[in-house]
Amino acid sequence: APPRAGRIGEVALDARRLAAAIDEILAVEMETCVGYAVGDWSKCILIDRHDGVGGTQNALRDSYVAELLADTFALEFLESAQIFSAKRRSYVRPHRDWQESKPLYTRIHVPLQTDERCLSSEDDLVFHMGAGEIWLVDPSRPHSGGCFSGGTRLHLVLDFDPHVPLAE
């Protein structure tokens, strides 16, 4: 079985530039997540290899987040990049994105804004991902996440080609 969710690294965040980027993210019109989310849970697609780049993601194309992405990861293996926003006691119900036997991608989370009451789960493991930490998560396992505070949780969520070794 694939490894359980876990921290695999960290990216140094520039607090001043991140604060400006968060303001930019919060100003972008996001797509509401329907069907599996409760409360104010939305997303913005930055990169989608199948659909190209366009729409709301253009507002963030030259942002600090785009720079972090390019400086930290091998973009040639990136299938998609999204920012998920969970506001004020919002959460997603436990779900699977696919069955374990046919991986669609390797998923990485990089929290940009969070607090100790923002939690995620995979199977029976509940954990908090800190800002700037790089986490591997297996969406074929039951997983969930939420912001149980009055703030806003922002995660950069990256899906990579599942056939490329993680180290690459």
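In terms of the ring pair (Phe, Tyr, Trp, His ring centres under 6.0 Å) criterion, residue partners of Y105 (sequence neighbours excluded) are, by chain and number, W98. For F84, the side-chain contact (heavy atoms from CB on, under 4.5 Å) partners are C33, Y36, W41, K43, Q82, V157, not counting sequence neighbours. A search for side-chain hydrogen bond (donor to acceptor under 3.5 Å, both in side chains) contacts involving E67 returns R17, not counting sequence neighbours. Partners of D115 according to the salt bridge (Lys or Arg N to Asp or Glu O under 4.0 Å) rule, which considers only residues two or more places apart in sequence or in another chain, do not exist here. Partners of R88 by salt bridge (Lys or Arg N to Asp or Glu O under 4.0 Å), not counting sequence neighbours, listed by chain and number: D40. The salt bridge (Lys or Arg N to Asp or Glu O under 4.0 Å) check on E31 picks up nothing, with sequence neighbours excluded. With sequence neighbours left out, the side-chain contact (heavy atoms from CB on, under 4.5 Å) criterion links A74 to E76, F77. Under the rule for a salt bridge (Lys or Arg N to Asp or Glu O under 4.0 Å), the partners of D124 that lie at least two apart in sequence or sit in another chain are R4. Qualifying side-chain hydrogen bond (donor to acceptor under 3.5 Å, both in side chains) partners for S120, counting only residues two or more places apart in sequence or in other chains: R153.
Hydrophobic cluster membership differs between L125 and V92, with clusters built from Ile, Leu, Val, Met, Phe, Trp and Tyr side chains linked at under 4.5 angstrom. A continuous path of Ile, Leu, Val, Met, Phe, Trp and Tyr side chains, each step under 4.5 Å between heavy atoms, connects V65 with L78, placing both in one hydrophobic cluster. F73 is connected to L18 through a chain of hydrophobic side-chain contacts under 4.5 Å among Ile, Leu, Val, Met, Phe, Trp and Tyr, so both are in one cluster. Criterion: ILVMFWY side-chain heavy atoms under 4.5 Å apart, direct or through other members. Under it, L68 and L136 are part of a common hydrophobic cluster.
Taking 4.5 Å as the limit, some side-chain heavy atom of Q113 sits within range of a side-chain heavy atom of T152. Residues I25 and M30 have side chains in contact (heavy-atom distance under 4.5 Å, counting atoms from C-beta outward). A heavy-atom distance below 4.5 Å is found between the side chains of K87 and S85. For the pair I22 and Y64, the minimum side-chain heavy-atom distance is 4.5 Å or more. Residues L156 and L46 form a side-chain contact, since some pair of their non-hydrogen atoms from C-beta on lies under 4.5 Å apart. For the pair V11 and D71, the minimum side-chain heavy-atom distance is 4.5 Å or more. Taking 4.5 Å as the limit, some side-chain heavy atom of E122 sits within range of a side-chain heavy atom of V137. Between R7 and M129, every side-chain heavy-atom pair lies at or beyond the 4.5 Å cut-off.
With rounding to the nearest 0.5 angstrom, the OG1 atom of T114 is 9.0 Å from the CD atom of E133. Expressed to the nearest 0.5 Å, how far CG of L112 lies from CG of L13 amounts to 7.0 Å. S144 contributes atom OG, which lies 8.5 Å from atom OH of Y91 (distance to the nearest 0.5 angstrom). Rounded to the nearest 0.5 angstrom, I83 CD1 and S63 OG are separated by 6.5 Å. How far SG of C44 is from CD of E24: 11.5 Å, rounded to the nearest 0.5 Å.
Residues in residues 112-138 take part in these ring-ring contact (aromatic ring centres under 6.0 Å, His included) pairs, two or more places apart or across chains: F127-W135. A ring-ring contact (aromatic ring centres under 6.0 Å, His included) check over residues 5-29, counting only residues at least two apart or in different chains, returns nothing.
Look at R49 and E79 and you find no salt bridge, because none of the NZ, NE, NH1 or NH2 atoms lies under 4.0 Å from a carboxylate O.
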Give every donor-acceptor pair under 3.5 Å between a side-chain atom in residues 158-168 and any protein atom, sequence neighbours left out.
{"residue": "D159", "atom": "OD1", "partner": "R107", "partner atom": "NE", "Å": "2.8"}
{"residue": "D159", "atom": "OD1", "partner": "R107", "partner atom": "NH2", "Å": "3.4"}
{"residue": "D159", "atom": "OD2", "partner": "S80", "partner atom": "OG", "Å": "3.2"}
{"residue": "D159", "atom": "OD2", "partner": "R107", "partner atom": "NH2", "Å": "3.1"}
{"residue": "D161", "atom": "OD1", "partner": "H163", "partner atom": "N", "Å": "2.7"}
{"residue": "D161", "atom": "OD1", "partner": "H163", "partner atom": "ND1", "Å": "3.2"}

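Judged by distance alone, the side chain of H143 and the main-chain N or O of H95 form a donor-acceptor pair under 3.5 Å. Proximity of a side-chain donor or acceptor of R96 to a complementary backbone N or O of S140 within less than 3.5 Å is detected.
In terms of heavy atoms, S121 sits closest to V126 at CB-CG2, 4.1 Å. The two atoms that bring S42 and T32 nearest to each other are CB-CA, 4.0 Å, heavy atoms only. Heavy-atom minimum distance, G130 versus P111: O-CG, 3.4 Å.
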